[in-house]
There are 2 protein chains.
Amino acid sequence: MGTLADHIEAYIKRMLRESQTNSVELSRAQLADTFACVPSQINYVLTTRFSLERGYVVESRRGGGGYIRVGRVPVADRYTHAMQILQTIGDELEEKQLNDILACFRDMQWISEIEMRRIRGIVQQEVSTVSQGKELLRASLARALLFWIVKSAE
Amino acid sequence: MGTLADHIEAYIKRMLRESQTNSVELSRAQLADTFACVPSQINYVLTTRFSLERGYVVESRRGGGGYIRVGRVPVADRYTHAMQILQTIGDELEEKQLNDILACFRDMQWISEIEMRRIRGIVQQEVSTVSQGKELLRASLARALLFWIVKSAE
DNA sequence: GAACTTAACGTCAGTAATAGTCAAAGAAGG
DNA sequence: CCTTCTTTGACTATTACTGACGTTAAGTTC
């Protein structure tokens, strides 16, 4: 006997399975009405169950004709490993750790030597623009760029 | 389905694609009539969807024989243009500005619709992990990812 | 050619329709 | 108990659309 959030999650996932396009468009208010709950409950379900890490992208628009679109991003098996490594990146990332990860990606031939240098360059460039929170920014940038590459390779 | 504004936007973009000259001339009153709306709705669409930030120029003239001309911003060298846009990103970047840049990149066919969503997803994901400096982080992430794409396309 | 008329387009503020955020209360499980 | 997950609702932000009123250009009349 699941919670309300579980039911809403299942409902959206069923819609996704039934859609040909791998994405569905919802109306927050209408969905909330269907499940007789407050609209913000829908946001709760989306943030807890349909995160990028779990393989979903959520877009939305407010105002008249607003909507919420939930899309499935396929996660290929051969990149599961790469994703696992990305998930080891914590809040902060030292330059040395970044180099380790880049070396790992290069060794796995997920990126080339040139791309490795390019990533280092971009990250260094961006990190040098801030005076505080360099490790935080480095972690975000590394995750973002490597995630992009992993996803693009699919 | 989309809103009225979305339809008018699509209509104008189709006209633009079909025109060889990279620009189209409209009659506000006539267009409003076609879509059965008030004329100012056309202005709304033009300011929200065809801004300079998104890579369009709009000229118009009032009075008898008045017109509205919508054109794509002239792009001599696509790479240069992309870099120029990236350089307009300052220290901070609001979500709205990011959307404009992404829309512009998509309209220039530098990125696909799917890639646009992916970037939005990655940036949202990363930005949501911090409590402060969201605009700062968004600016860095956007620059890094888009720079990566531009460089990779060279 | 000044005044008037007509035909465009522009602005702005208000209303309605959506969605997002956040903190606090409640429930469930250890 | 204590922690973590769920649920709620008050408040906020964004987007779409309309209509009244303003501005500009071209044509017409005398």
Side-chain angles (χ1 to χ4, degrees), chain A residues 1-12 24-51 53-54 57-71, chain B residues 1-12 24-54 56-71 93-100 102-103 120-121 123-125 127-132 134-135 138:
Chain A
M1 204 42 198
T3 63
L4 212 208
D6 292 334
H7 288 132
I8 299 174
E9 175 188 7
Y11 180 84
I12 296 175
V24 285
E25 203 167 296
L26 314 166
S27 145
R28 188 180 78 145
Q30 194 182 296
L31 195 54
D33 211 56
T34 304
F35 285 92
C37 62
V38 293
S40 57
Q41 176 74 356
I42 308 302
N43 296 86
Y44 176 71
V45 173
L46 290 174
T47 53
T48 57
R49 323 286 220 257
F50 294 89
S51 64
E53 280 178 345
R54 295 191 180 201
V57 272
V58 177
E59 295 172 273
S60 66
R61 202 163 77 181
R62 306 186 189 189
Y67 59 79
I68 297 177
R69 188 149 47 210
V70 181
Chain B
M1 291 314 140
T3 62
L4 177 56
D6 292 334
H7 289 131
I8 299 174
E9 174 189 8
Y11 180 85
I12 296 175
V24 286
E25 201 167 300
L26 314 166
S27 145
R28 187 180 79 147
Q30 192 183 298
L31 195 54
D33 211 55
T34 303
F35 285 92
C37 61
V38 293
S40 58
Q41 176 73 359
I42 307 302
N43 296 86
Y44 175 71
V45 173
L46 290 174
T47 53
T48 56
R49 321 290 217 260
F50 295 89
S51 64
L52 199 59
E53 282 179 328
R54 291 191 178 198
Y56 297 90
V57 272
V58 177
E59 301 169 89
S60 66
R61 206 166 75 180
R62 307 185 189 190
Y67 60 83
I68 297 177
R69 190 150 43 212
V70 181
L93 189 70
E94 311 247 330
E95 186 145 16
K96 188 185 295 192
Q97 297 172 289
L98 172 60
N99 284 334
D100 281 346
L102 288 179
R120 253 209 297 263
V123 172
Q124 271 172 12
Q125 172 75 22
V127 166
S128 73
T129 66
V130 301
S131 52
Q132 288 182 338
K134 286 179 191 289
E135 276 71 30
R138 192 180 291 115

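Letters A, B, ... mirror the listed sequences (proteins, then strands); counts begin at 1. Bear in mind the structure is a predicted one, so any value in this text is a computation, not a measurement.
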(message) Can you see whether B:D6 engages B:T3 through a side-chain donor-acceptor pair at a distance of less than 3.5 angstrom?
(response) yes
(request) Provide, to the nearest angstrom, the distance between the NZ atom belonging to B:K134 and the C1' atom belonging to C:dC22. (result) 12 Å
(request) Please name the pair of heavy atoms, one in A:V70 and one in A:F50, separated by the smallest distance, quoted to 0.1 Å. (result) CG1-CD2, 3.8 Å
(request) Would you mind telling me which of D:dT7, C:dC22, D:dA16 lies closest to the side-chain atoms of B:R49? (result) D:dA16
(message) Keeping A:S51 on the side-chain end and A:T47 on the backbone end, is there a donor-acceptor pair under 3.5 Å?
(response) no
(request) Write down the distance between CD1 (B:I68) and C1' (C:dT11), rounded to a whole number of angstrom. (result) 13 Å
(message) Let me spell it out: for each of A:V58 and B:G64, pick the nucleotide of DNA chain C with the closest heavy atom. Which residue's pick is nearer the 5' end?
(response) B:G64
(request) Whole angstrom is fine here: how far is it from CG in B:D33 over to P in D:dT18? (result) 13 Å
(request) Would you tell me if any nitrogen or oxygen in the side chain of B:R61 comes within less than 4.0 Å of OP1 or OP2 on D:dA26? (result) yes
(request) Test for a donor-acceptor pair under 3.5 Å between the base of C:dG20 and the side chain of A:S40, counting only N and O atoms. (result) no
(request) Give B:T48 one of three labels, base, sugar-phosphate or nothing, depending on what nucleic acid heavy atoms sit under 4.0 Å from its own. (result) nothing
(request) Could you check whether B:G63 gets within reach of a base, just the sugar-phosphate, or nothing at all, counting any heavy atom under 4.0 Å? (result) base
(request) Taking only the side-chain nitrogens and oxygens of A:S60, find out if one of them lies under 4.0 Å from OP1 or OP2 of C:dG20. (result) yes
(request) Starting at atom CZ of A:R62, determine the distance to atom P of D:dT14, rounded to an integer number of angstrom. (result) 6 Å
(request) In whole angstrom, give the distance that lies between atom CD of B:Q41 and atom P of D:dT18. (result) 6 Å
(request) Show your reasoning for whether side-chain contact (heavy atoms from CB on, under 4.5 Å) applies to A:S60 and A:L46. (result) CA-CA 11 Å; A:S60 66; A:L46 290 174; over 6 Å; no
(message) Under 4.0 Å, counting only non-hydrogen atoms across every strand here, what does B:I42 touch: a base, just sugar-phosphate, or nothing?
(response) nothing
(request) Could you say whether B:E94 or B:G65 is positioned toward the 5' end of DNA chain D, judged by the nucleotide with the nearest heavy atom to each? (result) B:E94
(message) Rounded to whole Å, how long is the line connecting atom CZ of A:R28 with atom P of D:dT7?
(response) 16 Å
(request) Give the rounded distance in Å between these two atoms: OH of B:Y44 and P of D:dT18. (result) 11 Å
(message) Which heavy atom of B:K134 sits nearest to which heavy atom of B:V127, and what is that distance?
(response) NZ-O, 3.4 Å
(message) Let's see if you can work this out: which of D:dT7, C:dG20, D:dA16 has an atom nearest to the side-chain heavy atoms of A:N43?
(response) C:dG20
(request) May I have the distance from B:E95 (atom CD) to C:dT21 (atom P), rounded to whole angstrom? (result) 8 Å
